[in-house]
Amino acid sequence: MKKNLWFLTEERPKKEVLIKVLEKFAKDYEFAVFIDAIRILPILENGKFAFKYEVVGFRCNNVDRVYIKTISGNSSAVDFLIFYQKNEPTLRDKPIYAIEETKTDDSESRNTGVYQRAIKFLFIQTYYPNAKKIMLYYLRIDQKKVATSTYIFGTRLLLTLGVEVLGKKLDPKIFKPFKTIDEIIALKAGMKNAPKGNVPILFTKLDKKIQISGRLFKSGGLSHDPNIGALSLIAAALRRLGWKGEIEITRHGLLQQHVEGGNKFIQIANALNISLQGITISKAVMHKSYWKYDMDGEKLGTIFIHLVAENFTEGYSIFENHAGCEKGYFITKEGKPIALEKYSDKRAYKAGNKKKIISIPDLILIDFGRSEVIDVEGKKYKFRKDGIKELRGFKDIEDRYIKKYYPGFEIIRTVVLFGGVEKKIVELKVGFLLNEQGDLILGVQAPELFKEAIKNLLDFWA
DNA sequence: AAACCAGTGGCTACATATAA
DNA sequence: TTATATGTAGCCACTGGTTT
């Protein structure tokens, strides 16, 4: 009986990522795989979306089908969980891969390129210790020629925990797991000092205690993401290399009242037995389950329309921001990605004029045939009025980018909704609704691209 | 100029408080 | 009782100031 591959993800599945993972899977399992042109098809049952996508356009004798489903994590969860089994994964099943993806190279940010999300691999370790942990770089810029010390330090810590790095070329002579605790301490001690006024990450090794200095306080609480990642990563590596004594964080900047919540760092501190100088850490337990199928988020709607448009019409996305904070690029006619400015007038914004920020849609689609650009704002059904209101704010991005790079195109603004049980749309500004039963509902004034996409999808399954 | 760490920004989800 | 407002946690990426 052939098995299926299941991609469970919090984001929009990207073809480039799917291909990388398929190749990695084939290599690890020594399967032959032939990848043609990947296509992602929403699966319909009785004309309704089954909240499941199928990936086609490749061949592998050991894989029957490849499915994608949208999930959301309960704690600090990785971006993709991959299962290799016949049936749809449940919480009792074990993934073969846990993959965290980033677009950040260390030339852009040391903090986010390596430290910030390391904690995710510590969480996955406690839930699924046998899943292969992968840090996947999906760089849109050239990789930095010479790696920074911080990047080398952080990556070697990840390697020490058994994390594999994909999508980057790493010199195996430099990037290797640490073998001893002293090696970790020595490498950090040899790095450049932190600027004055900052709290440096430094080790003090005593007989029965290793102290690590590092700031954890940020904006009123324990929320300094990069250092939460860095310090828990270091502690995990020390434990992995056999340190049984105390691990104490110093100069963290926290007061007792800041640690009462049991946030992700406190959970990991419990699991790894980390202490905070001068503070008692409360008992905190991790969430019972690592993930759940997402049947709630607005992204279900925008991801659906995005994939239908791209796979069933000639249209495609020139900008996307499904996750709200994901790094987004605007794609020009020539296919060149450009980073968007955040403010129309930065000085005025910093001075307090919050209107000077450039509002961005969740998705921008291009319809070359009809010379239309479609700004899409995604919302949950019950918040549809907010979505309609937000459509008014897209003048800046249209003036600065769309009109400049796509002159002569008509710009359409529309709202895409997910949720509810309604079977019709009243509001003219709503172009498409995917309700929670999987009904596909077009608005009266839906963009032609939407109509074409849904028609082709229905025809495909008819 | 490169590289260090701190801080900011914008979004969602969720829990709780307050108003209708 | 229900709808709306508010606050916190979390997510991911980028910017800023300072030192080397």
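Remember, it's a predicted structure, so these values are computed and weren't measured experimentally. We name chains A, B, ... by the order of the sequence lines, and we start the count at 1 in each one.
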I'd like to know if the side chain of A:R413 and the backbone of A:L391 have a donor-acceptor N/O pair within less than 3.5 Å.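 Yes, the answer is positive, given that a donor and an acceptor are paired below the 3.5 Å cut-off.
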With a non-hydrogen cut-off below 4.0 angstrom, is [X] in contact with a base, only sugar-phosphate, or nothing?
X: A:K144; result: sugar-phosphate
X: A:E10; result: nothing
X: A:E390; result: nothing

Taking the ring centre of each residue, are A:F304 and A:F432 less than 6.0 Å apart?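 For A:F304 and A:F432, the ring centres are under 6.0 Å apart.
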Name the closest nucleotide to the [X] side chain, picking from [options].
X: A:D79; options: C:dG10, B:dA6, C:dC12; value: C:dC12
X: A:S149; options: B:dC4, B:dT8, B:dC5; value: B:dC4
X: A:I201; options: B:dC5, C:dA13, C:dC11; value: B:dC5
X: A:M191; options: C:dC11, B:dC4, B:dA3; value: B:dC4
X: A:T150; options: B:dC5, C:dC11, B:dC11; value: B:dC5
X: A:Y329; options: B:dA6, B:dC5, C:dC14; value: C:dC14

Protein-nucleotides 13-20 of chain B N/O pairs closer than 3.5 Å?
{"unit_1": "B:dC14", "atom_1": "OP2", "unit_2": "A:D296", "atom_2": "OD2", "d": "3.4"}

Provide, to the nearest angstrom, the distance between the [atom1] atom belonging to [X] and the [atom2] atom belonging to [N].
X: A:K379; N: B:dC11; atom1: NZ; atom2: C1'; result: 9 Å
X: A:F383; N: B:dT12; atom1: CZ; atom2: P; result: 10 Å
X: A:D362; N: B:dC11; atom1: CG; atom2: C1'; result: 9 Å
X: A:L222; N: B:dA6; atom1: CG; atom2: C1'; result: 15 Å
X: A:D225; N: B:dC5; atom1: CG; atom2: C1'; result: 14 Å
X: A:K14; N: C:dC12; atom1: NZ; atom2: C1'; result: 12 Å
X: A:Q267; N: C:dG10; atom1: CD; atom2: P; result: 8 Å
X: A:K218; N: C:dT8; atom1: NZ; atom2: P; result: 14 Å

Does [N] have OP1 or OP2 sitting under 4.0 Å from an N or O in the side chain of [X]?
X: A:R117; N: C:dG10; result: no
X: A:N227; N: B:dC5; result: no
X: A:H224; N: B:dG7; result: no
X: A:K120; N: C:dC12; result: yes
X: A:T102; N: C:dC12; result: no

Any cation-pi pair here, A:K168 with A:Y151, using under 6.0 Å and within 45°?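 Yes, a cation-pi geometry holds between A:K168 and A:Y151.
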Does A:K264 qualify as a cation-pi partner of A:F123, given the criterion of NZ or CZ under 6.0 Å from the six-membered ring centre and within 45 degrees of its axis?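 Ring-cation test returns no.
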Could you go through residues 228-238 of chain A and list every donor-acceptor pair under 3.5 Å that involves a side-chain atom there, pairing it with any protein atom two or more places apart or in another chain?
{"unit_1": "A:S232", "atom_1": "OG", "unit_2": "A:I228", "atom_2": "O", "d": "2.5"}
{"unit_1": "A:S232", "atom_1": "OG", "unit_2": "A:G229", "atom_2": "O", "d": "3.2"}

The criterion is side-chain contact (heavy atoms from CB on, under 4.5 Å); which residues satisfy it with A:I441, sequence neighbours excluded?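 Once residues adjacent in sequence are excluded, the partners of A:I441 under the side-chain contact (heavy atoms from CB on, under 4.5 Å) criterion are A:I425, A:L433, A:N435, A:D439.
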For the residue pair A:K48 and A:Q437, confirm or rule out a side-chain donor-acceptor distance under 3.5 Å.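 Checked: A:K48/A:Q437 side chains show no N/O donor-acceptor pair below 3.5 Å.
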Using only heavy-atom distances, determine whether the side chains of A:E310 and A:S317 contain a donor-acceptor pair under 3.5 Å.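 Result is no, nothing qualifies.
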